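Throughout, a chain's letter reflects where its sequence line sits, starting with A, and its residues are numbered from 1. The model shown is predicted, which means the values in this text are computed figures rather than measured ones. Because only heavy atoms are used, hydrogens play no part in the values below, and waters and symmetry mates are left out as well, while side chains stay in.
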2 protein chains.
Amino acid sequence: MKHLPDKTVERLSQYRRSLSNILNTGKTHIFSHEIANLLHITPVQVRRDIMLIGYTGTLRKGYDIADLVALIGRIIDSDPGQRIAIVGMGNLGKAIIHYLHEIRSRLQIVAAFDINPDKIGKTYTSVLCYPMEQMEEVIAREEIRIGIITTPPEVAAAVASELIHAGIRGILNYTPKPLNVPDDVYLEEYDMITSMEKVAYFAKEG
Amino acid sequence: MKHLPDKTVERLSQYRRSLSNILNTGKTHIFSHEIANLLHITPVQVRRDIMLIGYTGTLRKGYDIADLVALIGRIIDSDPGQRIAIVGMGNLGKAIIHYLHEIRSRLQIVAAFDINPDKIGKTYTSVLCYPMEQMEEVIAREEIRIGIITTPPEVAAAVASELIHAGIRGILNYTPKPLNVPDDVYLEEYDMITSMEKVAYFAKEG
DNA sequence: AGGAAATTGTTATTTTTTTAACAAAGGATG
DNA sequence: CATCCTTTGTTAAAAAAATAACAATTTCCT
Ligand SMILES: NC(=O)c1ccc[n+]([C@@H]2O[C@H](COP(=O)([O-])OP(=O)(O)OC[C@H]3O[C@@H](n4cnc5c(N)ncnc54)[C@H](O)[C@@H]3O)[C@@H](O)[C@H]2O)c1
Ligand SMILES: NC(=O)c1ccc[n+]([C@@H]2O[C@H](COP(=O)([O-])OP(=O)(O)OC[C@H]3O[C@@H](n4cnc5c(N)ncnc54)[C@H](O)[C@@H]3O)[C@@H](O)[C@H]2O)c1
């Protein structure tokens, strides 16, 4: 499969989550306009996204929910599910670990790292916190491919370098400091302040 | 000023934050390519964004940092700064309040709401937590225009209705449940799982 | 002074994303 | 059995965003 558009991947992730919930209700098929209603987008967009991943529903019956969920799973995460490390076990880091554990996704945080001796060796929602010195070894051993950064912004760039050096392939940066990474490492950044200021601006305008 | 593109508003927010930091160093002017380097984007994009807000730099000297920061401020937030309420004082809610306080932005969280009696009446990083019943009154009194939702997903829709009923103009939803709001309320949603799955997908592909 | 280099502001082009349009399939209805 | 309705898959058009191109101006250098 060629590479999917950015936005399509985002929506696929959302489709899967909504559809997974519906599966439990016993419903087996769903129409594009029903999916669209769940996410408040248009049916065309849904059909187009589904077309891009090569799935095809049945006319007048819609899409087989279980099949679609399974296919999106195979596309988004590799088969056993992705293994993740998180660096910086402060407020945000702990909240994220807790959240991910509770939501039971196929994404799994399998290691935490920090420099604070009070945190090292502790377990947070069943994830053990290691010292930074063991990063390379742990990431290799646990086959971790993705890193989340929730340290103070001043050290974000250094942490990113260490992660990359340890062999990570993708980084999710929650620090407000924009990072610079090599082309073969995928970087996603999110800053809450930007979101809030965006709301502030557009709420003002109408 | 006509309405700015979505993405431009996001970048303006980032420009302001980076430039504010630089102001403290005594530097007074900056070139488009310097700004671009800070955020790892292209100089053209910077110039274009700045053009859109009607600011103009001086040739061969670049942009006056203080002026630009002030102008972006006038554009993004109304003059005294925006007042925000947050609903749901769990892990994420507390982390956000703490973060916003520490970063000292012009955005100000001035009220928190929860249903848990243990949390009501408490103060989190100097923000008082009110019971849900007082929402309408507090939002009016404090002139709050923006609401952040960090409750469990099951109650997100109900909370959004209450916020809107109380007169809020913009909502930032951190719950994984997509919301439906009237046209005159601006809605921004963010789900960490989607970000992580996006990284998972693109880290795999290369 | 005159030419070269740097840097902005703006228009043009390309790429990406969304939205619309519509033919084809299949079932439902009478 | 013929017709009508619904829903998919796909192509076409439109809108939004990013990138490139480049003229105009200022400073710098000789
Ligand atoms: N709290 C939020 O809601 C929030 C929101 C958006 C962004 N952020 C950003 O996320 C980051 C973390 O926020 P927080 O509130 O959790 O901060 P925090 O201070 O509570 O946590 C930071 C953690 O990083 C650890 N750390 C410090 N230096 C380190 C290093 N060199 N290597 C490894 N670990 C190190 C600290 O020991 C601490 O545990 C900050 O950059 C903040 O700006 C936070
Ligand atoms: N923790 C994270 O990092 C994280 C990340 C992404 C999304 N989320 C989402 O953010 C939300 C909050 O996460 P959390 O970890 O802070 O959960 P949490 O359970 O710690 O906090 C939820 C809070 O909401 C309050 N609440 C419950 N019902 C309410 C109601 N009807 N009105 C007002 N308040 C109510 C609870 O008393 C509690 O204080 C969840 O929807 C979660 O899925 C969390």
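Here the side chain of Thr175(A) pairs no donor or acceptor atom with the backbone of Lys177(A) at under 3.5 angstrom. For the pair His40(A) (side chain) and Leu179(B) (backbone), a donor-acceptor distance under 3.5 Å is present. A side-chain donor-acceptor contact under 3.5 Å links Lys204(B) to the backbone of Ile75(A). Counting only distance, with no hydrogens or angles, the side chain of Thr150(A) and the backbone of Gly88(A) share a donor-acceptor pair below 3.5 Å.
Taking each heavy atom of Pro178(B) and Leu39(A) in turn, the nearest pair found is CG-CD2, 3.7 Å.
Between Leu4(A) atom CG and dT17(C) atom P there is a gap of 11 Å when expressed in whole angstrom units. Here the P atom of nucleotide dA18(D) and the CG atom of Leu39(B) are 13 Å apart, to the nearest Å. Taking atom OH of residue Tyr63(A) and atom P of nucleotide dA25(C), one finds them 16 Å apart after rounding to whole Å. Atom C1' of nucleotide dT6(D) and atom NZ of Lys61(A) are separated by 15 Å, given to the nearest angstrom. One interatomic measurement links the two molecules: CG of Leu52(B) to C1' of dT10(C), which rounds to 11 Å at whole-angstrom precision. Atom CG of Asp49(B) and atom C1' of dA17(D) are 10 Å apart (whole Å). If you take NE2 of His40(B) and P of dA18(D), they are 17 Å apart, rounded to a whole angstrom. Rounded to a whole Å, the CZ atom of Arg11(B) is 12 Å from the C1' atom of dT19(D).
Of the candidates dT18(C), dA24(D), dT19(D), the closest approach to any side-chain atom of Leu59(B) belongs to dA24(D). The side chain of Lys7(A) lies closest to dT17(C), out of dT17(C), dT19(C), dA18(D). For Val44(B), the listed nucleotide lying nearest its side chain is dA20(D); candidates were dA20(D), dT7(C), dT8(D). Nearest nucleotide to the Gln45(B) side chain, out of dG9(C), dA18(D), dT18(C): dA18(D). For Arg60(A), taking side-chain heavy atoms from C-beta onward, the closest of the listed nucleotides dT18(C), dG26(C), dT19(D) is dG26(C).
Residue whose closest nucleotide on DNA chain D sits further toward the 5' end, between Arg48(A) and Gly62(A): Gly62(A). Comparing Met51(B) and Pro5(A) by the nucleotide of DNA chain C that holds the closest heavy atom to each, the one mapping nearer the 5' end is Met51(B).
End-to-end axis angle for the helix from dA1(C)-dT30(D) to dG30(C)-dC1(D), using five pairs per end and rounding to 10°, comes out at 0°.
Below 30°, between 30° and 60°, or above 60°: for Tyr186(A) and Phe202(B) the angle between ring planes is below 30°, a parallel geometry. Between Tyr190(B) and Tyr190(A), the ring planes lie parallel to each other; the angle is under 30°, not in the 30° to 60° tilted range.
Contacts of Thr8(A) with the nucleic acid, taken as non-hydrogen atoms under 4.0 Å apart, are absent.
Between dT8(D) and Ser32(A), a contact under 4.0 Å exists linking OP1 or OP2 to a side-chain N or O.
With hydrogens and angles ignored, no donor-acceptor pair closer than 3.5 Å exists between the side chain of Arg47(B) and the base of dT7(C).
Just one of Ile65(B), Leu68(B), Ile35(B) meets the side chain to side chain contact (heavy atoms under 4.5 Å, CB included) condition when paired with Tyr15(B); it is Ile35(B).
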